[in-house]
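Just so it is clear, the values below take in all heavy atoms, side chains as well, and ignore hydrogens, waters and symmetry mates. None of the values given here were measured: they were computed from a predicted structure.
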Amino acid sequence: MILRNAYTGDITPEMAGKEVTLAGWVHETRDLGGIFFLVLRDRKGFAQVTLFRKTTDPVLLNTVKAVSRESVVQVKGLVKTEAKAPGGYEIVPIDVKVLAPAEVPLPMDPTGKVDCELDTRLDVRYIDIRRPCALAVFEIESAVLQSLRDHFYKNGLTETFTPKIVAAATEGGTDLFPISYFEREAFLNQSPQLYKQMLMAAGMDRVFEIGPIFRAEEHDTRRHLNEAISVDVEVSFADENDVMSLLEWAVAGAYSYVKENCSKQLKAIGLDLQVPKTPFRRVTYTEALELASGAGRKSMNWGDDLDTETERFLGEKIGEHYFLTEWPSSIKPYYTLPYSDHPEVCRGFDLMHPRMELASGAQRVHDYNLLVERIKSKGLQPAGFEFYLKAFRYGMPSHAGWGLGLSRLVMTMLNLDNIRDAVLFPRDRRRLVP
RNA sequence: GUCCGGAUGGUGUAGUGGCCUAUCAUGAAAGCCUGUCGAGCUUUCGACCCGGGUUCGAAUCCCGGUCCGGGCGCCA
């Protein structure tokens, strides 16, 4: 049996006289002597429970006075219109049950009166997320996922799952987490890339997958994690422009959806969300180098990958979402299709937010012989990719796709400083618990 | 990985060799208070990351360790 029949956010002053049963956490208590306030919090808001020394049953009053902050309580009471109460109503309790007392002292302050460092918050994430502004991030993330899925279904994509436990490294193996798989060694997959391409050979035509990826790199920044959620798309008979279009509409659509459906959460975060305009600006790699050169900046050679400083410079200069296109083939993966007439440039692209890269994608190589050649040119052994290469020998359509970092999308959307704020239980170089 | 910075009550902080019996806020405990909404007031409680060193004297300086933050690198 559900222990509540209403959330705080469902109650209005017009419900005066109605009996409701709320359940949630004791956000705070204020004892003014003759009058006592308990603020109950659930995921939809707050409700003030008011008790009077003269009229409240002494046993009930003592129960409420003795309860510690953040204890879980069930409050049965009458809604009363009261101009002096927050929201214009309060609850006059008939019965209060302490379902689970909270120990004191608390490891952090969920009311936000005292600051708390990220590390401390992550150690007690289950308390941190009781803060409406922390909860809002994950409710918005859920809305983003719903919007993305809606967009994919509307565009005829099929949702898929590919294995996270794989036999071999996609490329080398230095950045994969090895795991024990019965009598063999296996790895946690760093990307569904090879599998979603095999699904193109399978004739699934248009697929997406939203799932975890694992990377064993020792990066240690505010925008990298060792476990992340990747939103992956692959579309047959499409080129890079087709999937860039799908991507920009997915991103802009997620912003619109959040703006329309998450006003409470945006308010909790204190953000006036601006929906990016589509289509996003296209900037070629070569144009980006030109934009970034001069003005006392160190010069970059054509073929160099863009370093963090250049990326940031471009972001500030452009000031909105943009696509970086026409990359040198040398710095994109082997499965990225080079232009046939000038193969030093390829059909790869990155979706950039002014602060960081959000997604990368490409039209893929679908010709078996070219793919083998590209693998070799990257200094890799085709033999290691046999399970994948074989799929290109029995009718592989042309295709294109991309992978988008979900947490980066949320982080940049909500202007969060650290990607860890956008992940419930982040996994980084040091953190494995909780 | 590397560079820079940091570690003080439960939480967040002040304190750069003696004025520290360590600041402030929050919290907790007790009390007063009938309209609070970061309530107010009184009293009380609670801390210098670990190990070594320098010094008459170390929260403070030095060395090592651990942990944390930020930058960069890495991120097919």
Side-chain angles (χ1 to χ4, degrees), chain A residues 27-41 46-56 61 65-66 68-70 80 82-90 102-124 127-128 168-176 189-191 193-194 213-226 228 230 305-312 327 329-336 348 350 356-357 360 362 374-375 377-380 384-385 388 403 405 408 417-420 428-431:
Chain A
H27 188 66
E28 50 192 357
T29 58
R30 276 180 225 107
D31 187 353
L32 275 67
I35 187 167
F36 184 97
F37 302 105
L38 178 153
V39 178
L40 178 142
R41 184 192 66 244
F46 303 93
Q48 174 170 289
V49 180
T50 306
L51 300 89
F52 300 91
R53 184 164 58 193
K54 282 184 182 166
T55 55
T56 304
L61 187 63
K65 279 190 174 182
S68 57
R69 292 164 72 218
E70 296 304 314
K80 182 187 155 200
E82 174 54 70
K84 284 176 280 191
Y89 75 91
E90 62 192 12
E103 283 183 24
V104 288
L106 295 164
M108 65 168 285
D109 169 29
T111 66
K113 278 182 240 173
V114 182
D115 285 345
C116 196
E117 291 194 353
L118 178 62
D119 194 52
T120 306
R121 292 197 284 110
L122 292 176
D123 281 339
V124 286
I127 298 177
D128 181 40
T170 12
E171 197 151 328
T174 52
D175 47 11
L176 290 177
N189 209 175
Q190 65 183 167
S191 159
Q193 181 62 33
L194 307 188
I213 56 170
F214 305 91
R215 302 203 169 172
E217 276 97 28
E218 303 225 359
H219 36 47
D220 194 2
T221 75
R222 293 186 291 174
R223 60 187 187 282
H224 288 98
L225 290 173
N226 295 293
S230 176
D305 204 351
L306 302 182
D307 58 22
T308 309
E309 194 196 328
T310 305
E311 224 174 68
R312 190 168 302 157
W327 286 77
S329 301
S330 57
I331 51 175
K332 283 290 174 189
Y334 58 80
Y335 47 76
T336 311
D350 283 0
M356 70 190 77
E357 177 187 332
S360 71
R374 294 298 303 152
I375 288 173
S377 78
K378 295 281 178 186
L380 299 165
F385 302 92
Y388 162 71
R408 285 189 175 190
D417 287 335
N418 195 311
I419 198 165
R420 290 159 183 80
D428 61 29
R429 180 71 184 89
R430 303 189 189 94
R431 184 173 285 276

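- As a whole-Å value, the separation of A:M356 CE from B:rC74 P is 17 Å.
- Candidate nucleotides B:rG38, B:rC75, B:rC68 were compared by shortest atom distance to the side chain of A:E28, and B:rG38 ranks first.
- Across all strands shown, the partner of B:rG1 is B:rC72, judged by Watson-Crick or G-U wobble contacts whose two distances both fall under 3.5 Å.
- The separation between A:D428 atom CG and B:rC67 atom C1' is 13 Å, rounded to whole Å.
- Across the P atoms, B:rC68 and B:rG27 are found 29 Å apart, a figure rounded to whole Å.
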Evaluate the criterion side-chain hydrogen bond (donor to acceptor under 3.5 Å, both in side chains) for residue pair A:D307 and A:T310; output intermediate values, then yes/no. CA-CA 5 Å; A:D307 58 22; A:T310 305; 2.6 Å; yes
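- Across the interface with RNA chain B, nearest-nucleotide mapping of A:R408 and A:P86 shows A:P86 to be the residue nearer the 5′ end.
- Comparing the same atom, C1', in B:rA25 and in B:rC67 gives a spacing of 25 Å after rounding to whole Å.
- Listed for the A:S68 side chain is no donor-acceptor partner under 3.5 Å among the backbone atoms of A:E103.
- Rounded to an integer number of Å, the gap from A:D115 CG to B:rA14 P is 12 Å.
- Between A:L32 atom CG and B:rG31 atom P the separation is 16 Å, expressed in whole Å.
- The side chain of A:N418 contributes an N or O atom lying less than 4.0 Å from OP1 or OP2 of B:rG70.
- At a threshold of 4.0 angstrom between heavy atoms, the contacts of A:K80 include nucleobase atoms, whether or not backbone atoms are also involved.
- With both ends at atom P, the span from B:rG51 to B:rU2 equals 26 Å, rounded to whole Å.
- Position along RNA chain B of the nearest nucleotide to A:T29 versus A:P105 favours A:P105 as the more 5'-ward residue.
- At a threshold of 4.0 angstrom between heavy atoms, the contacts of A:P107 are confined to the sugar-phosphate backbone, with no base atom among them.
- Scanning atom types as modelled, one donor and one acceptor separated by under 3.5 angstrom connect the side chain of A:Q48 and the base of B:rU36.
- In the set B:rG12, B:rC74, B:rC33, B:rC74 carries the atom at the smallest distance from any side-chain atom of A:R223.
- Atom CZ of A:F36 and atom C1' of B:rA39 are 13 Å apart (whole Å).
- Contacts of A:R431 with the nucleic acid, taken as non-hydrogen atoms under 4.0 Å apart, are absent.
- Pairing partner, B:rG31: B:rC41, with both Watson-Crick or wobble hydrogen-bond distances short of 3.5 Å.
- Look at the C1' atom in both B:rU54 and B:rG69: the space between them is 29 Å, to the nearest Å.
- Comparing B:rG35, B:rC74, B:rG12 by their closest approach to the side chain of A:T50 singles out B:rG35.
- B:rG10 and B:rC3 are spaced 34 Å apart, taking the C1' atom of each and rounding to whole Å.
- Look at A:R430 and you won't find any side-chain N or O under 4.0 angstrom from OP1 or OP2 of B:rU66.
- Rounded to a whole angstrom, the distance from the P atom of B:rU11 to that of B:rG1 is 27 Å.
- In the set B:rG69, B:rU36, B:rC72, B:rC72 carries the atom at the smallest distance from any side-chain atom of A:R312.
- At a threshold of 4.0 angstrom between heavy atoms, the contacts of A:T120 are confined to the sugar-phosphate backbone, with no base atom among them.
- In this structure the side chain of A:E70 reaches within 4.5 angstrom of the side chain of A:R41, judged on heavy atoms.
- The residue A:E90 sits close to a base: some heavy atom pair falls under 4.0 Å.
- The phosphate of B:rC74 (OP1 or OP2) has no side-chain N or O of A:R429 nearer than 4.0 angstrom.
- In this structure, A:H224 places its NE2 atom 16 Å from P of B:rG1, rounding to the nearest Å.
- Close to B:rC75, at under 4.0 Å from its OP1 or OP2, lies no side-chain N or O of A:R215.
- B:rA28 and B:rU34 have their C1' atoms separated by 25 Å, given to the nearest Å.
- Nucleotide B:rU66 forms a Watson-Crick or G-U wobble pair with B:rA7, both donor-acceptor distances falling under 3.5 Å.
- The side chain of A:R222 sits closest to B:rG70 out of B:rG70, B:rG73, B:rU26.
- Counting only heavy atoms from C-beta outward, the side chains of A:H219 and A:N226 approach each other to under 4.5 Å.
- Two residues are said to be in side-chain contact when any heavy atoms from C-beta on lie closer than 4.5 Å; A:F385 and A:L380 meet this criterion.
- Taking the charged nitrogens against the carboxylate oxygens, A:K332 and A:D350 do have a contact shorter than 4.0 Å, which makes a salt bridge.
- Spacing between atom CG of A:D31 and atom P of B:rC37 amounts to 14 Å, rounded to whole angstrom units.
- In this model, a side-chain donor or acceptor of A:S191 finds a partner on the base of B:rA76 within 3.5 Å.
- Checking side-chain atoms of A:R408 against main-chain N and O of A:R223 turns up a donor-acceptor pair under 3.5 Å.
- For the P atoms, the distance linking B:rU60 with B:rU42 amounts to 34 Å, nearest Å.
- Here the nucleotide nearest the side chain of A:R30, chosen from B:rG10, B:rC37, B:rC74, is B:rC37.
- Contact annotation: A:K84 side-chain N/O to B:rU36 OP1/OP2 distance is not under 4.0 Å.
- Between A:D119 and A:R420 no salt bridge is recorded (no basic side-chain N to carboxylate O distance below 4.0 Å).
- At least one side-chain heavy atom of A:S191 sits under 4.5 Å from a side-chain heavy atom of A:R215.
- In the set B:rC33, B:rG38, B:rC72, B:rC33 carries the atom at the smallest distance from any side-chain atom of A:R53.
- At B:rG10, none of the side-chain N or O atoms of A:K113 fall inside 4.0 Å of OP1 or OP2 (strictly under the cut-off).
- In this structure, of B:rG73, B:rU36, B:rA28, it is B:rG73 that holds the atom nearest to the side chain of A:H219.
- At whole-Å resolution of the value, CZ in A:F37 and P in B:rG38 are 12 Å apart.
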